[in-house]
Student: 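One structure coming up, written as structure tokens, with questions to follow.
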Amino acid sequence: MQGNFEWLLIRVETDAGITGLGEAHWGSGVRASVQFLRKYLIGEDARDVDRLWRKVYRVTSGAPWSGAVLCAANGIEMALLDAVGKLFNAPMYQLLGGRYRDHVRIYADCHAGKGSDGDQAGDGDKGAASSGSWHAAYDPQADYRSAAYAERARAALDLGFSAIKFDLDVPTALQADPHNRVISAAHLEYMVELVRTVRNEVGPHIDLAFDCHWSYNVGDAIRLARALEPFKLWWLEDPLPPENVEALVQLRRSTSTPICTGENLYLRDPFVRLLAAGGADIIEPDLPRSAGMLEFKRICDLADHYYVPVAPHNVGSPVATIAAVQMGAAVPNFLAVEYHAIDVEWWPSIVTGDAAHIVDGVLAVPQGPGLGIELNEEVVRAHLVPGTGFFDD
Ligand code: MG
């Protein structure tokens, strides 16, 4: 499907007449990987979910496209687990160990700096999806005023959200060089003023996070995090690149602003190093990108060992989002799931009923078997990526 991202939905069919639904994170080569992996699943027992997830990942582990393969494997595994839930007439959270909560908190990723053409400047995720590059370019037509962010924050609160996030690494003209990881004095002042304005707008009781998309060096990240301490952020996300655990530890030990990272880490291994070193206050693995359902649960359990909460990064359709909600029901140290489609009016209607209707900033955990959702075929067909079909159409 084509929303504000490409939502790659996957359906597995079993000879028991049961189908399973999953979603893979967008990315170059992911759709081709799903197609490629089909032959390795035909004839297999869909109930062997974990073995099949390892199989589809490992059969291509020597290929130079392992990130795409892993995203594909994760989406396939989600669909297998959905099918198993339907086979045993059990919600997915029961397959994951049972329920801690009936509702899972959803936080709104807000976009601001709205330009005259209606695009959301500063929405790096969207820029990545549309252009293949990460950082959005400076748009002289965009409105980067902190007041524009405050307006968007108020709009999200009016929708019932009590937790919101903004991009902080907005591409203003104040940031002289986007490549050297240096925060200019003027840009630091701009960012502090932006956070101050949004905090003043929403008040002290709203959970407020800001994302920096791996942009800065250690010293400047520390200066930024310390400058934001008065505003009591929920978290500051990825002020540093994700690979250097020692740098993250240095940052985290230098500020009381909580540091969140993890959306670009794959499988449990980097989380072992990150958590053992004390490099994050909160982790944010992306379920259909970083891990399959069962691997994600292992990451959550690992984080719980270090008393670290988990707030999944999520840019998916209701399918991936509900999968994260099912995970949230089954994980004690679960914090909230990201919702990145606040401007996509038809997002909830991708699935039938009220399953994807966010009310008062939470989603009810579906009680039906598997994911507990059904696609609204008419809506999906209306938003297919050009040149693609409804599954095998
Ligand atoms: Mg992020």
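We use all heavy atoms of the structure for the numbers below, so side chains are in, but hydrogens, waters and symmetry mates are not.
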Student: Should V365 and L335 be regarded as members of a common hydrophobic cluster, given that ILVMFWY residues are connected when their side-chain heavy atoms come within less than 4.5 Å of each other, either directly or indirectly?
Tutor: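 In one cluster with V365: L335, no.
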Student: Is a side-chain N or O of R252 found less than 3.5 angstrom from the main chain of G278, in a donor-acceptor match?
Tutor: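 Between the backbone of G278 and the side chain of R252 there is a qualifying donor-acceptor contact (under 3.5 Å).
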Student: Test salt bridge (Lys or Arg N to Asp or Glu O under 4.0 Å) on R51 and D45; report intermediate values, then the result.
Tutor: CA-CA 10 Å; R51 180 178 63 80; D45 187 333; over 6 Å; no
Student: In terms of ring plane angle, is the pair Y40 and F36 parallel, tilted or perpendicular, where the classes change at 30° and 60°?
Tutor: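 Tilted, since the angle between the ring planes falls between 30° and 60°.
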Student: Taking only Lys NZ, Arg NE, NH1 and NH2, and the carboxylate oxygens of Asp or Glu, determine whether D343 and R152 approach each other closer than 4.0 Å.
Tutor: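 A salt bridge links D343 with R152.
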Student: So, does T388 use its side chain to make a donor-acceptor pair with the main chain of L384 at under 3.5 Å?
Tutor: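 Checking the backbone N and O of L384 against the side chain of T388, no donor-acceptor pair under 3.5 Å is found.
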Student: Can we say D392 and R38 salt-bridge, meaning some charged N sits less than 4.0 Å from an Asp/Glu carboxylate O?
Tutor: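 R38 and D392: salt-bridged.
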Student: Hey, are D238 and T261 close enough side-chain-wise for a donor-acceptor pair under 3.5 Å?
Tutor: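 Present: a donor and an acceptor within the cut-off.
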Student: Could you check whether E201 and T197, counting side-chain N and O atoms only, form a donor-acceptor pair closer than 3.5 Å?
Tutor: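 On atom types as modelled, these side chains do not qualify, holding no pair under 3.5 Å.
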Student: Regarding D220 and R181, does a basic nitrogen lie under 4.0 Å from an acidic carboxylate oxygen?
Tutor: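 Result for this pair is no, no salt bridge flagged.
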Student: Check whether any side-chain heavy atom of M1 lies under 4.5 Å from a side-chain heavy atom of L8, and answer yes or no.
Tutor: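 Of all side-chain heavy-atom pairs linking L8 with M1, none is under 4.5 Å.
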Student: Are any non-hydrogen side-chain atoms of N4 and H340 less than 4.5 angstrom apart?
Tutor: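 Yes; the side chains approach each other to less than 4.5 Å.
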Student: Hey, what do you get for CD (Q94) to CG (N89), rounding to the nearest 0.5 Å?
Tutor: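 CG of N89 is found 9.0 Å from CD of Q94.
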Student: Applying side chain to side chain contact (heavy atoms under 4.5 Å, CB included), run through V310 and F296 and close with a yes or a no.
Tutor: CA-CA 10 Å; V310 180; F296 195 98; 4.1 Å; yes
Student: Do Y100 and V362 belong together in a cluster built from hydrophobic side chains that touch within less than 4.5 Å?
Tutor: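 No: no chain of side-chain contacts under 4.5 Å links Y100 to V362.
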Student: Say whether V315 and V344 are linked into one hydrophobic cluster, either directly or through other cluster members, by side-chain heavy-atom distances under 4.5 angstrom.
Tutor: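 V315 clusters together with V344.
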Student: Let me see the working for D207 and R105 under salt bridge (Lys or Arg N to Asp or Glu O under 4.0 Å), right down to the final yes or no.
Tutor: CA-CA 11 Å; D207 287 321; R105 197 174 189 199; 2.6 Å; yes
Student: Given the rule in the side chain to side chain contact (heavy atoms under 4.5 Å, CB included) test, do E237 and F210 qualify, once you have shown the distances and angles that lead to the verdict?
Tutor: CA-CA 6 Å; E237 182 171 319; F210 285 87; over 6 Å; no
Student: Would you call P258 and W234 a side-chain contact if the rule is heavy atoms closer than 4.5 Å?
Tutor: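 They are not in side-chain contact.
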Student: Are side-chain N/O atoms of E23 and S317 paired as donor and acceptor at under 3.5 Å?
Tutor: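 Yes - a donor-acceptor pair under 3.5 Å links their side chains.
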Student: Starting at NE2 of H383, measure out to CD1 of I350 and round the result to the nearest 0.5 Å.
Tutor: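 So the NE2 of H383 and the CD1 of I350 are separated by 7.5 Å.
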Student: Is the backbone of G292 close enough, under 3.5 Å, to the side chain of N74 for a donor and an acceptor to pair up by distance?
Tutor: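 Indeed, once roles are kept as given, a pair shorter than 3.5 Å links the two residues.
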Student: Okay, side chain of E77, backbone of L294: is any donor-acceptor separation there less than 3.5 Å?
Tutor: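 Between the backbone of L294 and the side chain of E77 there is a qualifying donor-acceptor contact (under 3.5 Å).
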Student: Indicate yes or no: at least one non-hydrogen side-chain atom of F88 is less than 4.5 angstrom from one of P369.
Tutor: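 Not touching, per the 4.5 Å side-chain cut-off.
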Student: Any Lys/Arg nitrogen of E229 or R226 sitting under 4.0 Å from an Asp/Glu carboxylate oxygen of the other?
Tutor: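 Salt bridge absent between E229 and R226.
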Student: Distance from N333 atom CG to H305 atom NE2, nearest 0.5 Å?
Tutor: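 Between atom CG of N333 and atom NE2 of H305 there are 12.0 Å.
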Student: With no hydrogens and no angle check, is any side-chain donor or acceptor of N314 less than 3.5 Å from a backbone partner on A324?
Tutor: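 Looks like no, no N/O pair under 3.5 Å.
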Student: Do V379 and I373 sit in the same hydrophobic cluster, where Ile, Leu, Val, Met, Phe, Trp and Tyr count as joined when their side-chain heavy atoms come under 4.5 Å apart?
Tutor: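 Same cluster: V379 reaches I373 through Ile, Leu, Val, Met, Phe, Trp or Tyr contacts under 4.5 Å.
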Student: Just wondering, are more than 12 heavy atoms of other shown residues or ligands nearer than 6.0 Å to CZ in R381?
Tutor: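 Atom CZ in R381 is crowded, with more than 12 foreign heavy atoms closer than 6.0 Å.
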Student: Between V380 and V34, is there shared hydrophobic-cluster membership here, with clusters defined by ILVMFWY side-chain heavy atoms closer than 4.5 Å?
Tutor: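 Yes, because V380 and V34 connect within a single hydrophobic cluster, where side-chain heavy atoms sit under 4.5 Å apart.
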Student: So do the side chains of S290 and L267 get within less than 4.5 Å of each other, counting heavy atoms only?
Tutor: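 With C-beta onward as the side chain, the pair stays apart.
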Student: Output the distance between atom CD1 (I10) and atom CD1 (I76), rounded to the nearest 0.5 Å.
Tutor: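 Between I10 CD1 and I76 CD1, I get 5.5 Å after rounding to 0.5 Å.
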Student: So, E284 side chain and E263 main chain: donor-acceptor pair closer than 3.5 Å or not?
Tutor: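 Side chain of E284 to backbone of E263: a pair is present.
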Student: Using a 6.0 Å cut-off, check whether atom CZ of R11 has over 12 heavy atoms from anything other than its own residue.
Tutor: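 Above 12, so yes.
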Student: Going by heavy atoms in the side chains, are P366 and L371 under 4.5 Å from each other?
Tutor: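 Result no, sub-4.5 Å side-chain heavy-atom pair not found.
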Student: Could I get the full list of ring-ring contact (aromatic ring centres under 6.0 Å, His included) partners for W235, not counting sequence neighbours?
Tutor: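 With neighbours one apart ignored, the set is Y107.
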Student: I'd like to know if the side chain of N244 reaches the main chain of A247, judged simply by a donor and an acceptor atom lying under 3.5 Å from each other, with no hydrogens or angles considered.
Tutor: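 At least one qualifying donor-acceptor pair exists.
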Student: Assess the side chains of S349 and N376: does a donor N or O sit below 3.5 Å from an acceptor N or O?
Tutor: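 Per modelled atom types, S349 and N376 side chains form no pair under 3.5 Å.
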Student: Tell me whether D281 contacts the main-chain N or O of I259 through its side chain, where contact means a donor paired with an acceptor under 3.5 Å.
Tutor: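 Answer holds: yes.
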Student: For residues F271 and I283, determine if any side-chain heavy atom of one lies less than 4.5 Å from a side-chain heavy atom of the other.
Tutor: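 F271 vs I283: side chains touch.
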Student: Treating R289 as the side-chain partner and G67 as the backbone partner, does any N or O pair qualify as donor plus acceptor under 3.5 Å?
Tutor: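 Here the side-chain-to-backbone pair does not exist.
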Student: Is it true that F5 and H25 have ring centroids separated by less than 6.0 Å?
Tutor: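 No, the ring centres sit 6.0 Å or more apart.
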Student: In Å, rounded to the nearest 0.5 Å, how long is the span from CG of L224 to CD1 of I183?
Tutor: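 These two atoms lie 4.5 Å from each other.
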Student: Before giving the answer on side chain to side chain contact (heavy atoms under 4.5 Å, CB included), spell out for F166 and V195 the whole-Å C-alpha distance, their side-chain angles and the decisive distance to 0.1 Å.
Tutor: CA-CA 9 Å; F166 286 91; V195 173; over 6 Å; no
Student: Kindly indicate whether the side chain of Y190, heavy atoms from C-beta on, has any atom under 4.5 Å from the side chain of S184.
Tutor: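 Counting from C-beta outward, Y190 and S184 never come under 4.5 Å.
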Student: Between E295 and R298 (salt bridge meaning N to carboxylate O under 4.0 Å), is one present in this structure?
Tutor: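 Between R298 and E295 there is a salt bridge, with a charged N closer than 4.0 Å to a carboxylate O.
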Student: Can you check salt bridge (Lys or Arg N to Asp or Glu O under 4.0 Å) on K297 and D301, steps first, answer last?
Tutor: CA-CA 6 Å; K297 179 67 161 50; D301 291 342; 3.4 Å; yes
Student: We want to know whether Q367 and Y93 form a side-chain donor-acceptor pair, criterion being a heavy-atom distance below 3.5 angstrom.
Tutor: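 Checked: Q367/Y93 side chains pair up, N/O donor to acceptor below 3.5 Å.
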Student: Between W347 and Y339, is the gap from one ring center to the other below 6.0 Å?
Tutor: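 Aromatic pair counts; centres sit under 6.0 Å.
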